[in-house]
There are 2 protein chains.
Amino acid sequence: MSPVHRSPQRTAPGDRALDSLGFTLDRTSPVPLYHQLAQQLEAAITHGTLAPGNLLGNEIDLSVRLGLSRPTVRQAIQSLVDKGLLVRRRGVGTQVVHSKVRRPLELSSLYDDLESAGQDPTTRVLRNERIPASAEVAAALGVAEGAEVTVLERLRRAHGRPVAFLCNHLPAPLLELPTERLESTGLYRMMRSAGIVLHSARQSIGARAATAEEAALLEEKEGAALLTMRRTAYDVTGRPVEYGSHVYRASRYAFDFQLLVRT
Amino acid sequence: MSPVHRSPQRTAPGDRALDSLGFTLDRTSPVPLYHQLAQQLEAAITHGTLAPGNLLGNEIDLSVRLGLSRPTVRQAIQSLVDKGLLVRRRGVGTQVVHSKVRRPLELSSLYDDLESAGQDPTTRVLRNERIPASAEVAAALGVAEGAEVTVLERLRRAHGRPVAFLCNHLPAPLLELPTERLESTGLYRMMRSAGIVLHSARQSIGARAATAEEAALLEEKEGAALLTMRRTAYDVTGRPVEYGSHVYRASRYAFDFQLLVRT
DNA sequence: TAGTGGTCTAGACCACCGC
DNA sequence: CGGTGGTCTAGACCACTAT
C-alpha cells in the first residue's frame with residue numbers, strides 16, 4: 001500500500017521514459033542536489049535516453065521516487081527549461097524539446113573567446129603594450145583620457161589560415177598579460193584566473209569593406225566584406241574590464257547561436 | 001523584543017535605499033506576488049529610485065516587511081538577477097548593477113521582427129505567395145520537398161531609406177498571411193495571434209558583398225558589404241515554423257545586444 | 001563572529017488542460 | 001472531472017564574506 005502508485009507502464013509513444021533511469025544522488029557532495037539531478041537529466045537528454053517528446057512524469061511522483069522535495073525537483077527542471085532543453089505546460093506535463101532546436105548551445109563570440117581560444121584555432125599576439133588611453137577607449141572603459149591601458153592585437157588562425165584580427169583594450173592596472181600565456185590560454189581565461197568575475201557584455205555586430213591593411217593581414221582582397229564586432233565587457237561590480245574591436249573574414253567565419261524566446 | 005531588529009539607518013553611500021520605497025501588493029490580483037514585486041523593483045531601478053550599487057537589504061527582513069515568505073521574495077529577486085539588473089553575492093548582499101551594463105535590454109533581430117516591425121520602420125511586401133518548397137527550404141522547415149510553403153519578400157525602410165531585404169518561408173498550412181495585415185502588424189505578431197507559441201531560434205550572422213540586384217534594391221553599390229542573417233524559428237513543440245534569410249545594409253544597420261555570462 | 005545568500009523540506013491551494 | 005504545473009508558506013541548516 002505504497003502512497004505512490006506507478007501506473008502500468010504506458011507504452012504510448014513519448015511517455016514516461018524516465019521510469020527506468022537510474023539516478024544517483026549524493027547528499028554528502030558539495031554539489032547541490034538540484035544540480036546533480038539537472039546534470040543527470042541533461043545527460044539523459046543528450047544521450048537520447050530521454051527522447052524528444054518524452055514526458056518527464058509529474059513533479060510530485062518524481063520527488064517521491066528521488067527522495068527529494070518538490071521545490072528541489074522543480075529547481076532542477078527549471079534550470080533545464082532555462083537552457084531550452086525542456087518545456088513545461090500546465091495541465092499537460094514536462095517534455096523534452098525536439099532535437100533540432102537544441103543543437104548549438106547558444107552564445108556568440110564572447111563564448112568563443114571565453115572557451116575555445118588557444119585551442120584548435122591558434123592565436124598570435126602581434127602587439128602587447130601599455131599606452132595612454134585615446135578618447136574612444138577611455139569612454140568605453142570608463143577611465144580618464146590618457147590613463148594607462150593595455151592594448152592587444154592578435155591574429156587568429158584556423159586550419160593555418162587567418163580568420164580574424166582582434167584588437168582589445170583593458171585597464172592596465174587590472175592584470176598582467178604576458179604574451180606567452182596569452183597565446184596558449186586565451187584572454188578571458190586569464191581574466192578569470194586573475195579573479196575577474198564577468199557579468200555581461202554589450203555587443204554590436206556589423207559589416208564593412210576591408211581596408212588595404214586588413215586585406216593583407218587576413219589574406220583577402222581590398223574591399224572584401226568583413227564581419228565586425230565591437231564589445232564592452234563588465235564585471236559583477238559594473239566596471240568595464242575590456243573593450244574589443246574585432247574583424248572577421250566573412251568568407252570563413254559567421255556568428256552562430258541560439259535565441260530562447262522570453263515568455 | 002521583536003525577532004527582527006532593524007539596524008539604525010546606515011547612511012553610508014549605497015545602502016538600504018529600499019527602506020523608504022512604498023511597495024503595494026495585491027493578493028486578489030491574478031498577477032503572481034513575486035511578479036508584482038519584481039515589476040516594482042524593476043521600476044524603482046529604472047527610475048533611479050534604487051541607484052546602482054544600492055544594497056537591497058537582506059531577504060529575511062525584506063520578506064517580513066512585505067508580508068511575504070522568503071522563497072517568494074527570492075523568486076522576485078532571482079527574476080531580476082536573470083535579467084541582469086541585480087547581482088547577488090553570498091555574505092555581502094544583493095545590489096543594483098551599474099547603469100552602463102543594462103542599457104539595451106538584449107536580443108537581436110528576432111526581437112526586431114517580433115516587436116518593432118511595422119512601427120517607425122515601414123515594411124513593404126514585395127512578394128507573398130504559395131509555392132512548392134525547394135530542397136533547401138524543405139530541409140530547413142522539415143517538410144517534404146515540393147510541399148506547399150508561403151514565401152514572403154519584404155523591403156524594410158527606416159526614415160524613408162531601405163535598410164533590409166527580408167525573405168521568409170513558412171509552412172503554408174500554418175496560417176493565413178494577408179498582405180495588408182503583414183504591412184501593418186509584422187510577421188511575428190501575426191504568428192503569435194494565430195496561436196503559434198515560439199520557443200527558440202537558431203541564427204547565423206555573416207557578411208558578403210552585394211549582388212547587382214541587392215544593390216539596386218537597397219540603394220547601395222554592387223560589391224558593398226552587406227550583413228546577412230539566416231534563421232530557423234521553432235515553436236514549443238519543436239516544429240520549425242519559419243525560415244528567414246535576410247540581408248541588411250551594413251552602412252545603416254548593425255545587430256546590437258547584451259550577453260549575460262552564465263555563471 | 002555576525003550577517004548574508006544558497007539550499008532544502010513538507011506541506012497547501014489554485015489555474016489550466018484534456019477527457 | 002482528474003491530473004498537471006504555478007504559486008505560496010514557514011520554517012531549517014549550511015557556506016561564504018567581512019570585520
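Not measured: the values here are computed from a predicted model. A note on names: the letters A, B, ... follow the listed sequences, proteins ahead of strands, and every chain is numbered from 1.
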*Report, as a single string ordered 5' to 3', how protein heavy atoms within less than 4.0 Å touch nucleotides 12-19 of chain D: B base, S sugar-phosphate only, - not at all.*
B--BBS--
Round to a whole Å and report the spacing from [atom1] of [X] to [atom2] of [N].
| X | N | atom1 | atom2 | result |
| --- | --- | --- | --- | --- |
| A:Gln95 | C:dC17 | CD | P | 14 Å |
| A:Leu55 | D:dG3 | CG | P | 15 Å |
| B:Leu62 | C:dT4 | CG | P | 11 Å |
| B:Ile60 | D:dA10 | CD1 | P | 13 Å |
| A:Arg27 | C:dT7 | CZ | C1' | 11 Å |
| A:Gln78 | C:dT7 | CD | P | 14 Å |
| B:Leu86 | C:dT4 | CG | P | 16 Å |
| B:Leu37 | D:dT9 | CG | P | 11 Å |

*Nucleotide nearest B:Leu68 when distance is taken to its side chain, options C:dG6, D:dT9, C:dT9*: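 Nucleotide nearest to B:Leu68's side chain: D:dT9.
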Quick one: side-chain contact (heavy atoms from CB on, under 4.5 Å) partners of [X], sequence neighbours excluded?
| X | value |
| --- | --- |
| A:Val241 | A:Leu174, A:Met191, A:Ile196, A:Leu198, A:Ala233, A:Asp235, A:Arg239 |
| B:Ala172 | B:Arg130, B:Glu148, B:Thr150 |
| B:Pro71 | B:Ser69 |
| A:Val81 | A:Ile77, A:Gln78, A:Leu86, A:Arg88 |

Under 3.5 Å, sequence neighbours excluded: what are the donor-acceptor pairs made by side chains of residues 22-31 of chain B?
{"unit_1": "B:Asp26", "atom_1": "OD1", "unit_2": "B:Thr28", "atom_2": "N", "d": "2.8"}
{"unit_1": "B:Asp26", "atom_1": "OD1", "unit_2": "B:Thr28", "atom_2": "OG1", "d": "2.7"}
{"unit_1": "B:Asp26", "atom_1": "OD1", "unit_2": "B:Ser29", "atom_2": "N", "d": "3.4"}
{"unit_1": "B:Asp26", "atom_1": "OD2", "unit_2": "B:Thr28", "atom_2": "OG1", "d": "3.4"}
{"unit_1": "B:Arg27", "atom_1": "NH2", "unit_2": "B:Gly67", "atom_2": "O", "d": "2.9"}
{"unit_1": "B:Ser29", "atom_1": "OG", "unit_2": "B:Val31", "atom_2": "N", "d": "2.9"}

*asked:* Salt bridge or not between A:Arg181 and A:Glu176? Use side-chain N to carboxylate O under 4.0 Å.
replied: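 No.
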*Please identify each residue that fulfils salt bridge (Lys or Arg N to Asp or Glu O under 4.0 Å) with B:Arg230, with sequence neighbours left out.*
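Partners of B:Arg230 by the salt bridge (Lys or Arg N to Asp or Glu O under 4.0 Å) criterion, ordered by chain and then number, come out as B:Glu136.
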_Which heavy atom of B:Ser63 sits nearest to which heavy atom of B:Ile60, and what is that distance?_
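Scanning both residues, the minimum pair turns out to be OG-O, 2.6 Å.
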*Looking at DNA chain C, which of residues 28-36 of chain B put a heavy atom within less than 4.0 Å of it?*
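Heavy-atom cutoff 4.0 Å gives no residues at all.
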*Taking only residues at least two apart or on different chains, which pairs with a member in residues 67-76 of chain B satisfy salt bridge (charged side-chain N to carboxylate O under 4.0 Å, His left out)?*
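Only B:Glu59-B:Arg70, B:Glu59-B:Arg74 qualify under salt bridge (charged side-chain N to carboxylate O under 4.0 Å, His left out).
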State whether [X] places a side-chain N or O below 4.0 Å from either non-bridging phosphate oxygen (OP1 or OP2) of [N].
| X | N | value |
| --- | --- | --- |
| A:Thr72 | C:dT9 | yes |
| B:Asn58 | C:dT4 | yes |
| B:Thr94 | C:dG5 | yes |

